[in-house]
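Okay, structure first, notes after.
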Amino acid sequence: MSKFWSPIVHALTPYVPGEQPKIQNLIKLNTNENPYGPSPKVIAALQAEAADSLRLYPDPDSSRMKAAIAEYHGLQTNQIFVGNGSDEVLAHIFQALLKHDHPLLFPDITYSFYPVYCGLYGIQYETVPLDAQFEIAIDDYLRPNGGIIFPNPNAPTGIPLPLAEIERLLQANKDSVVVVDEAYVDFGTESAVALVSRYPNVLVTHTYSKSRSLAGLRIGYAVGDAGLIEALIRVKDSFNSYPIDRFAEAGAVAALQDDDYFQQTRQQVIAAREQLVSNLRALGFEVLPSGANFIFARHPQYAGEQLAAALREQAVIVRHFKKPARIADFLRITIGNDTQNQVLVKALRGVLQA
Ligand SMILES: Cc1ncc(COP(=O)(O)O)c(C=O)c1O
């Protein structure tokens, strides 16, 4: 603390990201990173970028990257906004589009960065409880609001919402922006990108951190109506002209060019998830249905905190949320490679038999 702080800093409750331990030989299943490395074509593109041109600023419009993303989704470049990770894209969305007289709505159990942005930008919000099955119930959002945001699949539950339900929400909610945070969509959830050309109030965010295995490069983007994108560009150009550096742009373009690698690795993660779900159910775990690269599971006889601590003793790290109480017995477990998943199952079996 210091007497020089601006008043708002005292009131902030910053987001706490999952731990990035500096210990060797850990089985790290706590931050939903991809167990496979990035495409070899991305590595080659990054190496080629390490050149004299680094003394020059990057393209402030990230035109090559936007063109590649637009082509990938069959959209126009003025429907694409790019940023330094989808967290930065989300931050700009909160500031540019979600601060209105009515409160912003999001689920009570969801990505814990949302309330943090509200605190930073002074946005009032209301949380909407997930139903008894931990699902988002669209009918509960059909009331006056200053915007709606949720991940699909939701995090940390992993449960996907069918596209038809999102469309039903958009048909009923025409006066505010609906943001669908698709950080994990490539692992088996239907994308709402198909709706952006028909609904001027839907924005869909994607990240390269999960299915493209580039969490370390920090790349995210939003797609939506050109009018919404223009608002984001205005905020970005009032904040940082160059959020995408030369490496990030080269890596982003190369990643989209290697579709074979993308399809292969995401299918491997999906197959490993199904295997892990059945192994954990065989051990007596309740596992929520997942359309993501993680699962959310609890055991009827063990507290979540106790299981997370026991795994940690065996050098396996998973994510445990103490709050809200309704999810305190769940573990959020990232899908690893086959060896990592086997070590996890063996460690859990050991804990349950002890
Ligand atoms: C639901 C959700 N949205 C957005 C993000 C941010 O991803 P990034 O900033 O790495 O693109 C995450 C990261 O874990 C997430 O879980």
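Computed over heavy atoms, backbone and side chain alike; hydrogens, waters and symmetry mates excluded. Bear in mind that the values here come from a model prediction, so they are computed numbers and not experimental data. For ligands, and for the atoms within them, numbers begin at 1 and follow the listed sequence.
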Query raised in the report: Run the side chain to side chain donor-acceptor pair (under 3.5 Å) check on His206 and Tyr184 step by step: do they pass?
Result: CA-CA 8 Å; His206 278 205; Tyr184 302 100; over 6 Å; no
**Report entry** Shortest protein contact, atom 14 (O) of ligand 1 (heavy atom only)
**Finding:** Lys210 NZ, 3.0 Å
Query raised in the report: Under 4.0 Å between a Lys/Arg side-chain N and an Asp/Glu carboxylate O for Lys210 and Glu33?
Result: no
Requested in this report: Give a yes or no answer on whether the side chain of Asp181 reaches the backbone of Phe150 with a donor-acceptor pair at less than 3.5 Å.
Outcome: no
Query raised in the report: At what distance is the nearest protein heavy atom to atom 16 (O) of ligand 1, and which residue and atom is it?
Result: Tyr184 OH, 2.7 Å
Query raised in the report: Which residue from Ser209, Gly85, Ser86, Ala155 reaches closest to atom 10 (O) of ligand 1 through any of its heavy atoms?
Result: Ser209
Query raised in the report: Donor-acceptor pair, Glu249 side chain versus Arg64 backbone, under 3.5 Å?
Result: yes
Query raised in the report: For atom 3 (N) of ligand 1, which protein heavy atom lies nearest, and how many Å away is it?
Result: Asp181 OD2, 2.7 Å
Query - Ser62 side chain to Lys66 backbone, donor-acceptor under 3.5 Å - result: no
Query raised in the report: Is ligand 1 less than 4.0 angstrom away from at least one heavy atom of Arg218?
Result: yes
Query raised in the report: What atoms in ligand 1 come closer than 4.0 Å to a heavy atom of Thr207?
Result: 8 (P), 10 (O), 11 (O)
Query - Heavy atom of the protein closest to atom 6 (C) of ligand 1 (residue, atom name, distance) - result: Asp87 OD1, 3.1 Å
Report task. Specify whether His73 and Tyr221 have parallel, tilted or perpendicular ring planes, treating 30° as the upper limit for parallel and 60° as the lower limit for perpendicular. Result -> tilted
